[in-house]
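Just below is one structure, and these are the notes that go with it.
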Amino acid sequence: MTTPHPPDAHPPGAHLPETPSAARRTVALIVPLYNEEALTDILVGEIEAFRRTRPEIQEILLIDDGSRDATFRQLMGRTEGLDGYTLVRFSRNFGHQLAVSAGLDLATADAAVIMDADLQDPLEVAGQMIDKWKEGYDVVYGIRRERGGMSFMERWTARVFYRVFRRLSGVDAPLDAGDFRLVSRRVMDAWIGLTEQQPYVRGLIAWLGFNQTGIEYDRPARVAGTSKYPWVKRLNLALDGLASFSAQPLRLAVRLGLVISAGSIAGLVWVLITKYVLGTAITGWASLIFVGFFFGGLQLFFLGVVGSYLARVYDEVKDRPRYVVQDVHRSRGSEQNPGQAVGPEK
Ligand code: UDP
Ligand code: MG
């Protein structure tokens, strides 16, 4: 049953103002690149071919995340004379999530599609996302059905992670979706207010809400070069995601601590009974050393958990810029906004 509202009594935020930016005409592509010299030509070639079929794509933000190879130089050469390209170079490697964040900060189009440089996020799926957006959705994410070029173990850990994340964070995050997604202008406007130092992009966009939908697709293997996400970076991303969305690990430490102390009191009672009531000696004290190690390890582990939350607080308090832009280069036809030495940090 619906309750009738007088027209001026809706809850705050229930109706966003219709701004001119609610137009659904132009689309930006946001592509982070790190040491991708092997595929700059293929990437720009594919984007150009795709633009011929989708004229909505008017802005292409290529964010070079501090590559040490020829990526930026090659991009400059390849995009010369082409319309709509903005090349941003970070002063060093700040990480994929911050490269994507910079793209979201800088995009001026009515919507933006975040995609990987290695074309693992196929452009034809981006086209379907644009169609969905025109139907009225604000976020259209890609759901990975098949994952090309990933081992069984990687696939499995990714599946488990998305499920754990959803459970612990309480955020209605889509399962098996990476950062490949379209976001509307109002999502990008809301994004500006999220000033976290280590943004977990897919989680934050899910957290923002709006009308979200997904498109299933098979993820092919990367077109050229090798993965820039070694397992350490992948693990860090997963831990960042969890720590920024959930305090559950801290609560887990408290609960586990309580269970263990209750257990040790029970153990003590048992020891006293065997000694003074039953009169039997307890053998196997050597095994105690392992118990000692076990609890020592557990304590260190949770001290680490607490420490990692503290480190996040420390990072936020320092309030440094999230990334530093070294160069902005706009190709012909995209010079509405003059370049700046340091991009919007927040
Ligand atoms: N990337 C980045 N900064 C990094 C690592 C990766 O901008 O520090 C980019 C990379 O160039 C690619 C995207 O992030 O466009 C995804 O990386 P990759 O394809 O290596 O990850 P995978 O598909 O193996 O998970
Ligand atoms: Mg990839």
Do [X] and [Y] have side-chain heavy atoms sitting under 4.5 Å apart?
{"X": "Tyr85", "Y": "Val44", "result": "yes"}
{"X": "Thr213", "Y": "Val139", "result": "no"}
{"X": "Leu106", "Y": "Thr86", "result": "no"}
{"X": "Val27", "Y": "Val113", "result": "yes"}
{"X": "Arg222", "Y": "Leu119", "result": "no"}
{"X": "Arg144", "Y": "Tyr162", "result": "yes"}
{"X": "Tyr229", "Y": "Leu237", "result": "yes"}
{"X": "Asp138", "Y": "Val183", "result": "no"}

Side-chain ion pair, Asp240 and Arg312, N-O less than 4.0 Å: yes
NZ/NE/NH1/NH2 to OD/OE distance under 4.0 Å, Arg322 and Asp315: no
How close do [X] and [Y] get, counting heavy atoms only, and between which atoms?
{"X": "Tyr309", "Y": "Ala243", "result": "CE2-O, 3.5 Å"}
{"X": "Met188", "Y": "Ala107", "result": "SD-CB, 3.9 Å"}
{"X": "Pro32", "Y": "Val100", "result": "CG-CG2, 3.9 Å"}
{"X": "Pro199", "Y": "Trp191", "result": "CB-CH2, 4.2 Å"}
{"X": "Leu39", "Y": "Ala224", "result": "CD2-O, 3.4 Å"}
{"X": "Arg159", "Y": "Arg163", "result": "O-NH1, 3.0 Å"}

When you measure from the side chain of [X] to the backbone of [Y], do you find a donor-acceptor pair of N or O atoms at a distance under 3.5 Å?
{"X": "Gln120", "Y": "Pro220", "value": "yes"}
{"X": "Asp110", "Y": "Arg185", "value": "no"}
{"X": "Ser331", "Y": "Gly81", "value": "no"}
{"X": "Thr71", "Y": "Glu36", "value": "yes"}
{"X": "Asn35", "Y": "Arg68", "value": "yes"}
{"X": "Asp121", "Y": "Phe180", "value": "no"}
{"X": "Gln58", "Y": "Ala109", "value": "no"}
{"X": "Glu216", "Y": "Gly142", "value": "no"}

Test log, rule salt bridge (Lys or Arg N to Asp or Glu O under 4.0 Å), inputs Asp116 and Arg219: CA-CA 11 Å; Asp116 284 357; Arg219 197 152 204 252; 3.0 Å; yes
Distance-only polar pair, side chains of Tyr323 and Asp105, donor-acceptor under 3.5 Å: yes
Donor-acceptor side-chain pairing of Asp64 and Gln326 below 3.5 angstrom: no
Glu56 and Lys134: CA distance, side-chain angles, deciding distance, salt bridge (Lys or Arg N to Asp or Glu O under 4.0 Å) verdict: CA-CA 11 Å; Glu56 298 96 331; Lys134 290 198 166 164; 2.6 Å; yes
From CA spacing to verdict: side chain to side chain donor-acceptor pair (under 3.5 Å), Glu59, Thr108: CA-CA 8 Å; Glu59 183 180 23; Thr108 58; 3.2 Å; yes
Worked check of side chain to side chain donor-acceptor pair (under 3.5 Å) between Asp179 and Gln97: CA-CA 9 Å; Asp179 288 324; Gln97 297 290 296; 2.7 Å; yes
Lys NZ or Arg CZ of Arg92 over Phe94 ring: under 6.0 Å, within 45°: yes
From CG (Leu168) to CG (Leu242), nearest 0.5 Å: 6.0 Å
Phe161 and Phe165 aromatic ring geometry - parallel, tilted or perpendicular at 30°/60° bounds: tilted
